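Read through the structure below, which is laid out as structure tokens, and then see the notes.
Since we're looking at a predicted model, the values are computed, not measured.
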Amino acid sequence: MCWKHLEQKPCLVFIDGLRSKEDWDLIEANLIPAVPLLSFPFGGCTIVITREESVARHCATSPDAVCRVKGLEADAARHLFQDTFKPDGISKGDSNMMAEADLIIDKCGRLPKLIVALAEYLAEVPNVIREARRLNANFMYALKTTRKGLDSFRDVFTWMYSRFQACHQLLRKCIFYLSLFTQSSIIRQNRLVRRWIAEGYSEGTDSNSMVEYTEKLIHELITIGMMETHTKAGDMRMTSCQINSLFLDYFISREMEENIFLPLEVSVLVQDSTMNTQRAGQHLAIGSSWKRDKFVFESLDFSRLRSLTVSREWKPFFISDRMRVLRVLDLEDTSITDDDVEEIVKKLPRLKFLSLRRCTKVSCLPDLLGNLRQLQSLDIKHTSVTKLPKSIIKLQKLQYINAGTKVAALTDDEPSTPRRIIRHGHVVACDGVMVPGGIGALVAMHTLGVINVNTRGGWATLKELKNLTQLHKLGVSGISRSNFKGLFSAIVGHNHLESLSLQLHMDKDLDWLAKLTPPGNLQRLKIHVHVEKYAHWSCLQALGQVRRLQTLSFRFKTEQDVELQFSDMMDSGTWYAPNQFCELKVLEIACSSNLHVKFAENEMTELELLKVHCLEGSSLKFSGIERPAKLKYVWLKGSFDDTVKAELRQKVKQHQNKHLDLKLE
């Protein structure tokens, strides 16, 4: 009967709960013989829903036909709960309960099936606020002891536990490790990668293979549903991960209930926490809500402590010379000072990972930093540090330096942090730090930036970059007409370099950019421009020849009108090589003045994302935006009049991709 329907009319077919490849083979053979998935004779479509990625890939006709369904965004999850809880609208009394409901929604992983089950359950109980508070107080225990109305959770729990049982031991360690991040469920991917390398969770002989291995662990966590990729709207690259709190809470509660030996000893201090000295464990996190009880803290046993993570308020007694095996010290966003940093360096000589990110009271690193001979990662971005100490060249194992004193527009920071600063009506870029002579001795360096070469000794620094052949990411500020050749001659043979960020020194024009010769394997290029007069053709002609370039970001700080012309012939009639930017997928533009972007017929054939940020008061114009054939997202930020919006909507309608996503913010 089903096949008869499929023969006679176009149908949308859902196959829900598919568990195995064998089941699909039977269905395909008997229900839709000789008809491929997503391609019925009369325009029908089949959607298979499964919890197993391998099954999804087996069913799909191509990799593009596989869609990983994520939890709802916060607003959508809240609306779903409200509509289910009271379809006719919630009363003032009910609205007092929504604060509790928001916590519940987050704890159930923002999964629609579970949100609906909770909303329907709470709508039937006599004292809804008291019951919501009971659920929040001990979420997992309350779900397991509630006999009626929450059967959907039991099905999900059975599935989750089977996934956990199939995890190898190292992946289980990674799961419990995530409970250290008490402040936010969203974590920068690079933060996890560098920490896990320092913890010894990676395999490999060099920095590149270790990064690849830890990124593979993150992908495995995403595959089992433990985490989701988190990107800014329309972005193409995963920069952060969002922890599924439902998974994490369930795994922890199940292990504790069965009294199974935990693969990792994790302790978290929050609110009025007190702890047994035998349970300080290997990893300790201090939440912002903890009362900072010196007596409780100093009574802890730190003999096995390998990592310490502190949120917000810092106290000097958090560092003890009893922390002899501490490897990871993560102090992002804390109130730590220069004196505190000096004490850390004195007492913790075995550190492999040190993060002072966004610790704005830190302005100077002590020369004793050179005693941290095991240090692999140093993050001082968004601090007040402008100069690295001379002793840093002693750190032969150092692979990662992330520095810079200001927040740049369109950065890839964690969503909880400021992403842009506007000063005097301009886009502000990230100022680099001065580095000492001898930086070329750090031959294991994987990531370096942002460094300032517009200083005394800047030429010597550029020459030393030639020795850092393992670099994958490099950020440089202070690039000008007088030193750009020195930079590119130093890195021209860096075959591993994939990402390059340049902040150009203020100049009258940019004609010299036509002579750029970036490394051939470069995939991401960001250029911060502060210029009085912009020659629109010069740098584009050179950059368009970088074959592997996938991400290009411009930031213009100027009062002059800016015109970006991506075409095979300029307004002046000058021709240059066709098929420019042939692998470019992401184009980002931030501008403080009037902007006109032009696209040609055969340029940027792989472009998928166009992101433009114009400051208030500036105008925007596109020509040929319908020409990049594979364009999927257009994201505009700024204040535009209705004429600009209407014109853009009309051009998007003319695009051959009828599903082109336009976002105006």
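- Smallest separation of non-hydrogen atoms from Ser320 and Leu348: O-CD2, 4.0 Å.
- Using modelled atom types, one side-chain atom of Asp338 and one backbone atom of Cys364 make a donor-acceptor pair closer than 3.5 Å.
- Exactly one of Arg312, Arg357, Arg358 qualifies for a side-chain hydrogen bond (donor to acceptor under 3.5 Å, both in side chains) with Glu332. That residue is Arg358.
- Under a 3.5 Å cut-off, the side chain of Asp379 and the backbone N or O of Lys381 do form a donor-acceptor pair.
- The CG atom of Leu269 lies 11.0 Å from the OG atom of Ser311; values are rounded to the nearest 0.5 Å.
- Under the ring-ring contact (aromatic ring centres under 6.0 Å, His included) criterion, Phe81 pairs with Phe85, not counting sequence neighbours.
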Note to self: As a quick check of understanding, evaluate side chain to side chain contact (heavy atoms under 4.5 Å, CB included) for Leu217 and Leu171, giving each step before the final call.
What the structure shows: CA-CA 7 Å; Leu217 291 175; Leu171 200 62; 4.2 Å; yes
Next item on the list: Please assess Arg110 against Glu228 for the test salt bridge (charged side-chain N to carboxylate O under 4.0 Å, His left out), listing each intermediate value before the final yes or no.
Entry: CA-CA 12 Å; Arg110 295 171 290 109; Glu228 296 176 359; 3.6 Å; yes
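- Judged purely by atom type and a 3.5 angstrom limit, Ser391 uses its side chain to pair as donor or acceptor with the backbone of Gly370.
- Taking NZ from Lys315 and CG from Asp340, the interatomic distance works out to 10.5 Å, rounded to the nearest 0.5 Å.
- Environment of NZ in Lys387: sparse, with no more than 12 heavy atoms of neighbouring residues, nucleotides or ligands closer than 6.0 Å.
- Side-chain N/O atoms of Asp339 and Thr337 include no donor and acceptor closer than 3.5 Å.
- Tested against Leu331 for a side chain to side chain contact (heavy atoms under 4.5 Å, CB included), the candidates Leu308, Ile344, Thr309, Val341 yield a single pass: Ile344.
- In the model, Glu220 has a side-chain atom that pairs as donor or acceptor with a side-chain atom of His168 under 3.5 Å.
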Next item on the list: Begin from the C-alpha positions of Lys107 and Asp249 and carry the test salt bridge (charged side-chain N to carboxylate O under 4.0 Å, His left out) through to its verdict.
Entry: CA-CA 8 Å; Lys107 288 180 178 180; Asp249 291 347; over 6 Å; no
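- Interatomic distance, CZ of Arg322 versus CZ of Arg324, reported as 9.0 Å (0.5 Å rounding).
- Of all the heavy atoms in Val362 and Thr383, the pair that sits closest is O-CB, 3.7 Å.
- With Thr214 contributing its side chain and Trp196 its backbone, the two residues share no donor-acceptor pair below 3.5 Å.
- Judged by distance alone, the side chain of Gln282 and the main-chain N or O of Arg304 form no donor-acceptor pair under 3.5 Å.
- Under the 6.0 Å distance and 45° angle rule, Arg292 does not count as a cation-pi partner of Phe297.
- Remark: the Thr551 side chain and the Arg524 side chain contain no N/O donor-acceptor pair separated by less than 3.5 Å.
- Between the side chains of Arg373 and Gln396, no donor N or O sits under 3.5 Å from an acceptor N or O.
- Note that the CD atom of Glu131 and the CG atom of Leu122 stand 6.5 Å from one another [nearest 0.5 Å].
- Aromatic ring orientation, Tyr177 versus His283: perpendicular (interplanar angle above 60°, classes split at 30° and 60°).
- Distance check, rounded to the nearest 0.5 Å: CZ of Arg188 to CZ of Arg195 gives 11.0 Å.
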